[in-house]
There are 2 protein chains.
Amino acid sequence: MSNVLTMKLEQFTRFSPSERERLDDLSNHPRKSFARGETIIREGTKVHNIHLVVCGLAARSKTLADGTRQTLAFLVPGDLCDVEVFVLQAMDHDIIAVTDTTCALIPTKEMEDLLSEFSSITKALWWSTMTDSAVLRERIVDHGSRDARQHLAHMFCELLIRYRIIGDARDNAIPFPLTQEELAEATGMSPPHINRVLQQLRGEGLIELRGKVLKILDAESLMKVAQFQTGYLHLNRTEARDPEVSGRADDLVPASPKGLVQGVINKVTRVFE
Amino acid sequence: MSNVLTMKLEQFTRFSPSERERLDDLSNHPRKSFARGETIIREGTKVHNIHLVVCGLAARSKTLADGTRQTLAFLVPGDLCDVEVFVLQAMDHDIIAVTDTTCALIPTKEMEDLLSEFSSITKALWWSTMTDSAVLRERIVDHGSRDARQHLAHMFCELLIRYRIIGDARDNAIPFPLTQEELAEATGMSPPHINRVLQQLRGEGLIELRGKVLKILDAESLMKVAQFQTGYLHLNRTEARDPEVSGRADDLVPASPKGLVQGVINKVTRVFE
DNA sequence: CGTCGGATTGAAGATACTCAACATGAGTGG
DNA sequence: CCACTCATGTTGAGTATCTTCAATCCGACG
């Protein structure tokens, strides 16, 4: 099985065989599994191994004094939980397992060696953290400038692309193990409202959400609803550009609604579940 | 004048005289001034100089197809606008000048040399981008889990700390050139509602906002309102810890309401205005 | 077949928006 | 020096979105 981290980073650059080998090796490190709901990393702790999500779904999450929880980001296979470990003294938020999740534990030493040896990998990792920030920024737009329907639509579009990258979005269907309550924690809405908005999206024939699988029935329309622009994901390697999907000509436009991105990614390893 | 960037990075680590000299030099690069409202960097462009805010106030901002603008982050003196330049092909958002703002333009080459020469500076810069992400995450909490009053209070607390770091928060008064409309763009609220919430905060004796200066009258109470925890700013160098301010014992608690942070920072160069 | 987590529905109410009017105040030109 | 103007701040009334708090339903699983 090809490493999901490698697949992700290859959105940024191609690696030489030796680089690729070392990268792939990262997921061969001892793994640790976490049951659904378990805390993978707790706020305030200093971690000594870097956690790479290998399969399952995790989330960054903050708990306020009154018990309210806010989900900050989702971590799909190929995502790193805690690169900040290199410089920060403690995590400022929790990482929790949304479903049963297994992580590869990469010793910081190992990672440091890798970075000092391969500048290409350093750059790719840097790209990864930068796009993570871009995703956070887009989440702020979701919260501040989009209504409930657009917000959910946008989140779905983003997850679709991210699962495509790791080859886990066949027929525009992606793993979606979130309960409506968890969706509420991520979007800042109430569970009943999530429910009603989901029904609306279903009624419009845009999505199908059943049994922990989200199927995007009409990606083009959904992207239109969300005003989804892929530029912020910085998908360099995408050959195809389709002005239809994006509202702006000067924007980077990777994925087409017909699944060209999927075509680009010929590795169709099924990682989830 | 000591470099504001150096002041900021010294929250993370102390530098040797030679490192400090090189860091200070960064703001001696050619500067460029931007009038209020002007676009410093436009979405979609690839920049070749790194912009360091030297004085004024800038903002990261996204404009949607329907013209709605969402402010993503504020950039105070000492903040870098575009470190992503090293790896990303284009900016995915705009940087705009909220007030008249001047930036030092640091050639990427120069920055690369600096980074390869001093690993301490590399680490500090890394710390800076990591805390920028943490600030973004906290903004998501503001939007998703705090009501309007808490949201504004939290933003004010954060700006207070960030201005303290660069020595520009005497008597808990900080530069605040934002119009209520601009505040609305940052918080996702409407201008009238901003107005009413501000009046509420004024009525509670928490703040005074007049003539582009925000004075925090009762920092302790304001932080309580916002449930403000400084941990996410990762202020390593803060000697003082005050359990009063924080709701949690295990959290990192730097700033005290009595201005201990201010005491720590003995450089009181006035940068703004 | 019962149980339990999760989804769904309803009704009442709060928060925040929209739109419009009006006030204020700093600059500006006559 | 005053009047005018424009941007900004303030206020009010009506309304929409979304929340809250239940009750109820469904379906997987023991």
Side-chain angles (χ1 to χ4, degrees), chain A residues 35-38 57 64 66-71 97-100 142-155 175-203 207-215 225 273, chain B residues 35-38 57 64 66-71 96-100 142-155 175-203 207-214 225 273:
Chain A
R36 174 186 180 200
E38 209 177 328
L57 180 69
L64 302 187
D66 61 10
T68 321
R69 287 209 313 191
Q70 175 69 45
T71 298
V98 177
T99 37
D100 294 353
D142 282 346
H143 276 91
S145 299
R146 295 195 239 262
D147 64 22
R149 179 164 155 271
Q150 295 173 315
H151 188 160
L152 278 181
H154 197 280
M155 165 175 296
F176 200 85
L178 297 165
T179 66
Q180 294 185 355
E181 189 178 352
E182 288 165 329
L183 257 182
E185 281 177 355
T187 55
M189 307 174 205
S190 65
H193 197 231
I194 291 282
N195 186 287
R196 290 184 250 260
V197 175
L198 282 179
Q199 285 181 45
Q200 191 183 353
L201 291 174
R202 277 193 273 245
I207 62 163
E208 189 179 280
L209 177 49
R210 246 187 10 217
K212 304 197 175 314
V213 171
L214 171 68
K215 182 157 187 179
V225 165
E273 189 70 352
Chain B
R36 174 186 181 202
E38 209 176 328
L57 180 69
L64 302 186
D66 61 10
T68 321
R69 288 211 310 192
Q70 175 68 45
T71 296
I96 58 171
V98 177
T99 38
D100 294 353
D142 282 347
H143 276 91
S145 299
R146 297 195 239 261
D147 63 23
R149 177 163 156 272
Q150 295 173 316
H151 188 160
L152 278 181
H154 197 279
M155 167 175 295
F176 201 85
L178 297 164
T179 66
Q180 295 185 354
E181 189 180 351
E182 288 166 330
L183 257 181
E185 281 176 354
T187 55
M189 307 175 204
S190 65
H193 197 234
I194 291 283
N195 186 288
R196 290 184 249 259
V197 176
L198 283 179
Q199 284 180 45
Q200 190 183 353
L201 291 173
R202 277 193 273 245
I207 62 164
E208 189 179 280
L209 177 49
R210 245 186 12 215
K212 305 197 175 315
V213 171
L214 171 67
V225 166
E273 187 71 349

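Computed from a predicted model, the values in this text were never measured in an experiment. Each chain gets a letter, A, B and so on, in the order the sequences are listed, and its residues count up from 1.
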Review point. Do any side-chain nitrogens or oxygens of Gln199(B) fall under 4.0 Å of OP1 or OP2 in dT11(D)?
Key: yes

Open item on the list: Tell me if a side-chain donor or acceptor on Thr99(A) pairs with a main-chain N or O of Pro177(A) at a distance below 3.5 Å.
Closed with: no

Considering only heavy side-chain atoms of Ala148(B), the closest of dT9(C), dA16(C), dG9(D) is dA16(C)

From NZ of Lys212(B) across to C1' of dG25(C) the rounded distance in Å is 12 Å

- Message: Under 4.0 Å, heavy atoms only, any strand: does Pro192(A) hit a base, just the sugar-phosphate, or nothing?
- Response: base

Here the distance between atom C1' of dA7(C) and atom CD of Glu181(A), to the nearest Å, is 12 Å

**Asked** Hey, does Thr179(A) reach any base, or is it just sugar-phosphate, or nothing, if we go heavy atoms under 4.0 Å?
**Response** sugar-phosphate

Does any N or O donor sit under 3.5 Å from an N or O acceptor when you compare the side chain of Arg196(B) with the base of dG9(D)? no

When rounded to the nearest 0.5 Å, the distance separating CG of Leu201(A) from CD of Glu208(A) is 13.0 Å

Atom CG of Leu183(B) and atom C1' of dA7(D) are separated, to the nearest Å, by 16 Å

Note to self: Just N and O in the side chain of Gln180(A): are any of them under 4.0 Å from OP1 or OP2 of dG5(C)?
What the structure shows: no

His151(A) and His143(A) aromatic ring geometry - parallel, tilted or perpendicular at 30°/60° bounds: perpendicular

From CD of Gln200(B) across to C1' of dA16(C) the rounded distance in Å is 13 Å

5'-most contact on DNA chain D (nearest-nucleotide basis), Arg36(B) vs His193(A), goes to Arg36(B)

Atom CD of Glu182(B) and atom P of dA7(D) are separated, to the nearest Å, by 13 Å

Whole-Å distance, Leu198(A) CG to dT8(C) P, equals 7 Å

Note to self: Can you confirm whether Glu181(B) is buried at CD, in the sense that more than 12 heavy atoms of other residues, nucleotides or ligands lie under 6.0 Å from that atom?
What the structure shows: no

Arg202(B) side chain N/O closer than 4.0 Å to the phosphate oxygens (OP1, OP2) of dT10(D)? yes

Taking dT10(D), dA7(C), dC17(C) as options, the one with an atom nearest any side-chain atom of Asn195(A) is dA7(C)

When we call it a touch if two heavy atoms are under 4.0 Å apart, what does Arg146(A) touch: a base, just sugar-phosphate, or nothing?
nothing

Out of dC17(C), dC18(D), dG9(D), minimum distance to the side chain of Asp147(A) belongs to dC18(D)

Using only atom types and a distance under 3.5 Å, with no angle test, would you say the side chain of Asp100(B) pairs donor to acceptor with the backbone of Ala35(B)? no

Separation of dG27(D) atom C1' from Arg210(A) atom CZ, nearest Å, is 13 Å

Separation of dT11(D) atom C1' from Ile194(B) atom CD1, nearest Å, is 16 Å

From the candidates dC18(D), dC17(C), dT20(D), the one with an atom nearest any side-chain atom of Ser190(B) is dC17(C)

request  = Go through Leu183(B) and Phe176(B) one step at a time and tell me if the side chain to side chain contact (heavy atoms under 4.5 Å, CB included) criterion holds.
outcome  = CA-CA 10 Å; Leu183(B) 257 181; Phe176(B) 201 85; 4.0 Å; yes

Answer with base, sugar-phosphate or nothing: what part of the nucleic acid does Gly188(B) contact at a heavy-atom distance below 4.0 Å? sugar-phosphate

